[in-house]
Amino acid sequence: QVQVVESGGGLVQAGGSLRLSCTASGGIFSIMINAMGWYRQAPGKQRELVATTTTGGVTDYTDSVKGRFTISRDNAENTVYLQMNSLKPEDTAVYYCNTQAREVRGGVFLSPRDYWGQGTQVTVSS
C-alpha cells in the first residue's frame, strides 16, 4: 500500500510564506510515480487543484496561485514540495498531496492509482 505523508502547514500572516512537503513510499514494495500534486479544500467548498508536476517536470497551476506558488519535485526521494509566497487569506484551506503511482510486486507493475495524504492545514490571517 502506498503511503503519502504531508508536512509543513501552519498559521501565517497575509503576505507570508510557507513550504509544504509530501513524500510517497511503498512500504515493502517498490513504486513508480507518475504525477504528483497538491489540492486544497476550504470550508464549504469543493476540493480544487492547486498545482501538479509530472516526472518529466511539466507543471501546471490553478490561475489563482500563478506567480505566487511554485511546485517542485525530487524524483529520487519521491517527494514533492509546494513553496507558497505572498499568501492571502483566501489560500486558507486543508492542503492534500496527491500521488499517481503504480506498485511493483514481484516485477509486476500493478495498475496506476491515485493516493492521497491526510491533509495539512494552512491558515492565512489578514
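FYI, the numbering just counts along the sequence from 1. Computed from heavy atoms alone, side chains included, the values below leave out hydrogens, waters and symmetry copies. Since this is a predicted model, take the numbers as computed values, not measurements.
- No donor-acceptor distance shorter than 3.5 angstrom exists from the side chain of Y95 to the backbone of Q41, with no hydrogens or angles considered.
- Between M36 and T99, the closest heavy-atom pair is CE-OG1, 3.5 Å.
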Exercise for the section: Could you go through the side chain to side chain contact (heavy atoms under 4.5 Å, CB included) check for L20 and M84 one step at a time? Expected result: CA-CA 8 Å; L20 306 182; M84 304 184 293; 3.8 Å; yes

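- Residues V2 and A24 share a closest heavy-atom pair of CG1-CB, 4.5 Å.
- The list of salt bridge (Lys or Arg N to Asp or Glu O under 4.0 Å) pairs with a residue in residues 22-40, not counting sequence neighbours, reads R40-E48, R40-D91.
- For S17, the side chain to side chain contact (heavy atoms under 4.5 Å, CB included) partners are Q83, N85, not counting sequence neighbours.
- Note that OG1 of T92 is 8.5 Å distant from CG of L11, once rounded to the nearest 0.5 Å.
- Scanning for side chain to side chain contact (heavy atoms under 4.5 Å, CB included) contacts around E90 gives K88, with sequence neighbours left out.
- Distance check: N75 CG to T53 OG1 gives 7.5 Å after rounding to the nearest 0.5 Å.
- Counting only residues at least two apart or in different chains, side-chain hydrogen bond (donor to acceptor under 3.5 Å, both in side chains) contacts with residues 21-38 comprise T23-T79.
- In this structure a side-chain-to-backbone donor-acceptor pair under 3.5 Å is present from T55 to I33.
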Taking only distance into account, with no hydrogens and no angle test, what donor-acceptor pairs under 3.5 Å do side-chain atoms of residues 119-126 form with protein atoms, sequence neighbours excluded?
| unit_1 | atom_1 | unit_2 | atom_2 | d |
| --- | --- | --- | --- | --- |
| T120 | OG1 | G9 | N | 3.2 |
| Q121 | NE2 | A93 | O | 3.4 |
| Q121 | NE2 | T123 | OG1 | 3.3 |

Exercise for the section: Check step by step if side chain to side chain contact (heavy atoms under 4.5 Å, CB included) holds for F69 and T62. Expected result: CA-CA 10 Å; F69 292 9; T62 190; over 6 Å; no

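- Contact annotation: the side chain of L87 approaches that of L18 to within less than 4.5 Å [non-hydrogen atoms, C-beta and beyond].
- In terms of the salt bridge (Lys or Arg N to Asp or Glu O under 4.0 Å) criterion, residue partners of K66 (sequence neighbours excluded) are, by chain and number, D63.
- Residues in residues 8-67 take part in these disulfide bond (SG atoms under 2.5 Å apart) pairs, two or more places apart or across chains: C22-C97.
- Note that the CZ atom of R47 and the CG atom of L49 stand 11.5 Å from one another [nearest 0.5 Å].
- Judged as a side chain to side chain contact (heavy atoms under 4.5 Å, CB included), and not counting sequence neighbours, the contacts of S72 are Y81.
- Under a hydrophobic-cluster definition in which Ile, Leu, Val, Met, Phe, Trp and Tyr are linked whenever side-chain heavy atoms come within less than 4.5 Å, directly or via other members, V94 and V12 are assigned to different clusters.
- Side-chain heavy atoms closer than 4.5 Å link hydrophobic residues (I, L, V, M, F, W, Y) into clusters, and following such links, even through other members, never connects Y39 to V80.
- Screening residues 47-78 for disulfide bond (SG atoms under 2.5 Å apart), with sequence neighbours left out, gives no hits.
- Judged as a salt bridge (Lys or Arg N to Asp or Glu O under 4.0 Å), not a single pair has a partner in residues 69-80 (not counting sequence neighbours).
- Residue pairs meeting the salt bridge (Lys or Arg N to Asp or Glu O under 4.0 Å) criterion with at least one partner in residues 102-116, sequence neighbours excluded, are E103-R105.
- Residue M32 is found in a hydrophobic cluster whose other members, listed by chain and number, are V104, F109; membership requires side-chain heavy atoms under 4.5 Å apart, directly or through intermediates.
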